[in-house]
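Please read the structure below before turning to the comments.
So you know, we letter chains A, B, ... as the sequences are listed, proteins then strands, and number each from 1.
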Amino acid sequence: MDFKQEKEIAEFWEKEKIYRTDFGKKGIFSIDTPPPTVSGKMHIGHAFSYSQQDFIARFQRMKHGIFYPFGTDDNGLPTERLIEKINNVKSKKMSRKEFIELCLKTLKKITPDFIQDWKNLGISADYEMYYSTIDKKTQKISQEFFIDLYMKKEIYKKEFPTIWCPECQTSIAQAELEDKEQATLFSTLKFLCNNKELLVATTRPELLGACVAVFVNPKDKRYKWAVGKKAKVPLFNFEVPVFEDESAEMEKGTGVLMVCSYGDKFDVDAINRKKISPKIILNKDGTLKIKGYGGMKTKEARKKILEDLGNNELIKEQKSISNIVNVHDKCGTEIEFIPTEQWFIKILDKKKQLIKQGEKIKWHPGYMFKRYKNWVEGLDWDWNISRDRFFGIPIPVWHCKKCNEIILAGKDELPVDPLHTKKICPKCKNIAEGESKVLDTWATSSLTPQIAGSLTKNKIKIPYSLRPQAHDIIRTWAFYTITRSYLHENEIPWKNIMISGFATLGGQKMSKSKGNVVAPQEVIEKYSADSLRFWAAGSKLGEDMDYQEKDLVTGKKFVNKLENASKFVFMNMGGYNGKKPKKLEPLDKKFLIELERTIWLVTSYFEEYEYSRAKFNIEDFFWKFFCDYYLEIIKKRIYHGTGNKKLSAQYTLYRSLLTILKLIAPIMPFITENIYQQYFKKNEKIKSIHLCEWPKYGKDWIKKWDDKKIISHANELTLFIDLLTQIRAEKSKAQKPMNSECILTINKINYNDLKDVLEDFKNVTNAKEIKQGDFKVEFI
RNA sequence: GGUCCUUUAGUCUAUCGGUAGAACACCUCGUUUACACCGAGGAAGGGGAGGUUCGACUCCUCCAAGGACCACCA
């Protein structure tokens, strides 16, 4: 079984529409599939987490039928950056129309190949239940929901110093910030107050021109003399007030804090609190608009200003420190705070309710809820949903410049681009101006349950059964989706959320910049998709897992073992009619009971999203129990046996192999399908193993364990295997082959317990005779 | 600074408080009517200190190391 055969199987699935949603089935399990960001190729992290969700999807399909849509996230900043890279262009240097066309054209070209990676991995989504977060239908939904929130007064527009990326030239959300450590000069500057030096330490001297106040702590006796007076800003020579404020910490720097518009979040807060009017010296591209430094980028200006300060002997002290700055996660650029008009969704007033909503959802693993809760509790800003970019869903709004009226699009005209549609202000009859900002991707992807649901004519509604996703986007995707479902429908979006971890290499998170990436495409070609999935099934849910090539080898061996075992079974099926024998041989019965217990275990684990335990149990049962014990035990019966003895073994082989294949099918869909098609389909009649019914087990195994008959079967099987192991050990010790003839002596109690299965025991040990007495193995 | 996770054989990973179980690697042997991508057997393990308990890898406290997220970041 190799990559090429897997491809053929994938084509078969596609052609036969094996994964088409069957709305006729009862109790459909609905999945809010993550739409991957179109970014060239699938990476191994995708392969890891999508495999894990697919295990659950395939299991549920065999139990109930499922709704498993597939979307791609292809608007917003990440996509713009990709398009810019592929085409080597800069969006801000093109016309909006031109750039949007280029985006759509490029996406059309690259998306099919991108999705193909998911198909090659065997992700069993219904690819016809497809949406893209930029397609017309999605735009309509996203705009409709925007209008809904606006009408509910949950959206507002405000001029506010927002987190701004000078590189991408857009405002961004709190969730898009990352920390970056860097070396900076920490300079102590000479302000003048009453002709005395007032020393202020700063890492951002380029903002001197934007200084609006100086704070000292009210408890700080060192600076009492300056409070209430004016301080002269070095180099710029304008005066700013000196205030007392608790926020100035005495131990930091000189204890004197310079407030600028805007150096950080704190400045924003301080300036609002003290009602100081800001001095804005930064342009949106991060350059300064101030005499002497105009047009310089902040870093350049910083250098020049320090030089100028130095030349005027205005620097008291300077040292090099390492400090942490906030950067934009998409481009790594230091963010600024620039006042712009933006659209916000009110969330700060709903923290409690949002935590409550989170509590109603079952988190797998449970502790992931705490991460969600932490994030909600730590929120400082309302959710900024507008972006000053081109390729996104337009905000369906017009402004009347004259009377300040805001005009919403009508629901029947959606989707709409306000820049391409003219509106007359209903109040003053002037021409209104279309909003040029677009919605942030998250403002749309937070609606994936509603978007996917619309593909089913709303047969599928929230709450879905499951949201699978990785832990890095709890604060964004999970949080925003919970928020939207709450705001629009006062409902949770899903009943369960399953959080997967990351694939690491040598304990390190894989990233292109570190150069430690493993391409799943190459792994699939070398080891097969089943092996890759087998590896992904090895980690406990939520845990990161280290990529190790040996794990792929293990997966490949498993595929091979399945193939060989199946080959053996069907080599010996001659004359078997598929019927159950009148009476099962005792050993076969015991074996089938053990199989049933495994079904029970595996089912319970899959139901709890514990696919790694499910995998472990099937693997163990198949390899150890089925191959190493059962096949060896019944070989003689199969080769030389006749009548019911042979038939019973054949029946047991057929049923148990098919069951094993079904149990492992969610994890290894290709090899199981292959074997099913080759051997089982003609009897079972169902088109694909993945449409077969999940194996059943007697109702309640926990109760069954109290059943004396079952216990004695299990005990006898255990005894059988224990004795077999002892005999094999004796043969090993004597350096004899496993099939060497011998005379066995076992104690009387064991002998009686094994009476039913003594013939099988004799066969597998190749004993000529079994005597009663002290344990002994004699070789002939 | 806060919240959370992890720490088990050389490596990687499991184990409702009751003799720690696999896999890879290692050692010894065997096998050709499913499989050398095999079979049998072997050696090898719980970060540190306390506590709860008849009994702790498992529960609690503290410490140490690693990781994630958040906060701080003049």
Original post:
OH of Tyr367(A) versus P of C5(B): gap in Å, rounded?
Top reply: 8 Å
**OP:** Calculate the interatomic distance between Glu178(A) atom CD and A68(B) atom P; express it in whole Å.
**Re:** 11 Å
Subject >> Nucleotide of A22(B), C72(B), U11(B) approaching Gln548(A) most closely (side-chain heavy atoms) >> reply: U11(B)
Original post:
Is there a Watson-Crick or G-U wobble partner for A22(B) with both distances under 3.5 Å, and if so, which one is it?
Top reply: none
**OP:** Provide the distance between the two P atoms, one in C24(B) and one in C5(B), to the nearest whole Å.
**Re:** 32 Å
Original post:
Do Leu177(A) and Ile172(A) pass the side-chain contact (heavy atoms from CB on, under 4.5 Å) test, and can you show the C-alpha distance, the side-chain angles, and the key distance before you say yes or no?
Top reply: CA-CA 8 Å; Leu177(A) 296 181; Ile172(A) 56 174; 4.0 Å; yes
**OP:** By nearest nucleotide on RNA chain B, pick out whichever of Trp375(A) and Met738(A) is the more 5' one.
**Re:** Met738(A)
Original post:
Looking only at atom C1', what distance separates C72(B) and G66(B), rounded to whole Å?
Top reply: 23 Å
Original post:
Can you tell me how far P in C62(B) sits from the matching atom in U3(B), rounded to whole Å?
Top reply: 11 Å
Original post:
Does the ring of Tyr639(A) lie flat against the base of U33(B), closer than 5.5 Å centre to centre with planes under 30°?
Top reply: yes
**OP:** Describe, in one word, how the ring planes of Phe238(A) and Phe236(A) are oriented to each other, choosing from parallel (under 30°), tilted (30 to 60°) and perpendicular (over 60°).
**Re:** tilted
Subject >> Asn564(A) side chain, from C-beta outward: closest of C35(B), G21(B), U11(B) >> reply: C35(B)
**OP:** Output the single nucleotide from A68(B), C73(B), G39(B) whose closest atom is nearest the side chain of Lys252(A).
**Re:** C73(B)
Subject >> Sugar-phosphate, base or nothing in reach of Cys627(A), heavy atoms under 4.0 Å >> reply: base
Original post:
Asn326(A) near the nucleic acid: base, sugar-phosphate alone, or nothing, with a heavy-atom cut-off under 4.0 Å?
Top reply: base
Original post:
Between the main-chain N or O of Phe670(A) and the side-chain N or O of Asp530(A), is there a donor-acceptor pair closer than 3.5 Å?
Top reply: yes
Original post:
Does the Gln5(A) side chain pair with the main chain of Asp2(A), one donor and one acceptor, at a distance under 3.5 Å?
Top reply: yes
**OP:** Give Lys731(A) one of three labels, base, sugar-phosphate or nothing, depending on what nucleic acid heavy atoms sit under 4.0 Å from its own.
**Re:** nothing
Original post:
When all nucleic acid strands are considered with a 4.0 Å heavy-atom cut-off, which category describes Glu632(A): base, sugar-phosphate, or nothing?
Top reply: base
Subject >> Nearest to side-chain heavy atoms of Lys370(A), which nucleotide of C4(B), A40(B), C72(B) >> reply: C4(B)
Subject >> Rounded distance in Å between the P positions of U11(B) and G48(B) >> reply: 15 Å
Original post:
With a non-hydrogen cut-off below 4.0 angstrom, is Ala248(A) in contact with a base, only sugar-phosphate, or nothing?
Top reply: base
Subject >> Nucleotide G39(B), atom P - distance to CG of Leu724(A) in whole Å >> reply: 14 Å
**OP:** Give the nucleotide from the list A71(B), G21(B), C73(B) with an atom nearest to the side chain of Lys265(A).
**Re:** A71(B)
Original post:
Which nucleotide in the set G41(B), C35(B), A34(B) lies at the smallest distance from any side-chain heavy atom of Asn560(A)?
Top reply: C35(B)
Original post:
What is the nucleic acid contact for Phe558(A), judged by heavy atoms within less than 4.0 Å: base, sugar-phosphate only, or nothing?
Top reply: nothing
Original post:
Considering Watson-Crick and G-U wobble pairs with both distances under 3.5 Å, what does C38(B) pair with?
Top reply: G30(B)
Original post:
What does Leu631(A) touch in the nucleic acid at a heavy-atom separation under 4.0 angstrom: a base, only the sugar-phosphate, or nothing?
Top reply: base
Subject >> Heavy-atom check, side chain of Tyr611(A) versus side chain of Phe606(A), under 4.5 Å >> reply: yes
**OP:** Please step through side-chain contact (heavy atoms from CB on, under 4.5 Å) for the pair Val240(A) and Ile276(A), ending with a clear verdict.
**Re:** CA-CA 10 Å; Val240(A) 295; Ile276(A) 308 170; over 6 Å; no
Subject >> Interatomic distance, Arg371(A) CZ vs C5(B) C1' [rounded to whole Å] >> reply: 7 Å
Heteroatom pairs (N/O) under 3.5 angstrom, protein to nucleotides 15-19 of chain B:
residue: U15(B); atom: OP1; partner: Arg613(A); partner atom: NE; Å: 3.3
residue: U15(B); atom: OP1; partner: Arg613(A); partner atom: NH2; Å: 2.1

Subject >> Lys557(A) side-chain N/O to C24(B) phosphate OP1/OP2 under 4.0 Å >> reply: yes
Subject >> Nearest non-hydrogen partners of Thr476(A) and Ala175(A), listed with the distance >> reply: CG2-CB, 3.3 Å
**OP:** Would you tell me if any nitrogen or oxygen in the side chain of Lys733(A) comes within less than 4.0 Å of OP1 or OP2 on U28(B)?
**Re:** no
Original post:
What nucleotide among A40(B), C37(B), C24(B) has an atom nearest to a side-chain atom of Arg728(A)?
Top reply: A40(B)
**OP:** Sticking with atom C1', work out how far U58(B) lies from C73(B), rounded to a whole angstrom.
**Re:** 41 Å
Original post:
For Phe534(A), is the NZ or CZ atom of Lys557(A) found under 6.0 angstrom from the centre of its six-membered ring and inside 45 degrees of the ring axis?
Top reply: no
**OP:** For Phe616(A) and A20(B), give me the distance from atom CZ to atom C1', rounded to whole Å.
**Re:** 12 Å
Subject >> Which residue lies more 5' along RNA chain B, comparing Ser566(A) with Ser732(A) via nearest heavy atoms >> reply: Ser566(A)
Original post:
Charged N to carboxylate O under 4.0 angstrom, Asp245(A) versus Lys274(A)?
Top reply: yes
**OP:** For G46(B) and A40(B), measure between their C1' atoms and round to the nearest Å.
**Re:** 29 Å
**OP:** With the side chain counted from C-beta on, respond yes when Leu257(A) and Phe266(A) share a heavy-atom pair under 4.5 Å apart, and no when they do not.
**Re:** yes
**OP:** Compute the ring centroids of Phe558(A) and Phe622(A), then answer whether they are less than 6.0 Å apart.
**Re:** yes
Subject >> Under-4.0 Å side-chain N/O to phosphate OP1/OP2 contact, Trp623(A) with G39(B) >> reply: yes
Subject >> Counterpart base for U8(B), defined by Watson-Crick or G-U wobble contacts under 3.5 Å >> reply: none
Original post:
Which part of the nucleic acid does Glu249(A) contact within heavy-atom distance under 4.0 Å: base, sugar-phosphate only, or nothing?
Top reply: base
Original post:
Which part of the nucleic acid does Lys373(A) contact within heavy-atom distance under 4.0 Å: base, sugar-phosphate only, or nothing?
Top reply: nothing
Original post:
How would you label the contact of Asp179(A) with the nucleic acid (heavy atoms, under 4.0 Å): base, sugar-phosphate, or nothing?
Top reply: base
**OP:** Grab the CE-C1' distance between Met1(A) and A34(B) for me, whole Å please.
**Re:** 18 Å
Subject >> Whole angstrom value for the distance that separates C1' of A22(B) from CG of Asn617(A) >> reply: 12 Å
Original post:
Under 4.0 Å: is that the gap between some side-chain N or O of Gln174(A) and OP1 or OP2 of A71(B)?
Top reply: yes
Subject >> Short side-chain N/O contact to G39(B) OP1/OP2 from Lys561(A), under 4.0 Å >> reply: yes
Original post:
Would you say U33(B) has OP1 or OP2 under 4.0 Å from some side-chain N or O of Lys636(A)?
Top reply: no
Subject >> Paired nucleotide for G47(B) [Watson-Crick or G-U wobble; both distances under 3.5 Å] >> reply: C63(B)
Subject >> Nearest-angstrom distance from the residue atom CH2 of Trp535(A) to P of C12(B) >> reply: 15 Å
Original post:
What interatomic distance, in whole Å, is found between C1' of G17(B) and the corresponding atom of C59(B)?
Top reply: 8 Å
**OP:** Could you measure between the two P atoms, the one in U19(B) and the one in U32(B), and give it in whole Å?
**Re:** 40 Å
Subject >> Sidechain-backbone polar pair: Asp382(A) side chain, Leu348(A) backbone, donor-acceptor under 3.5 Å >> reply: yes
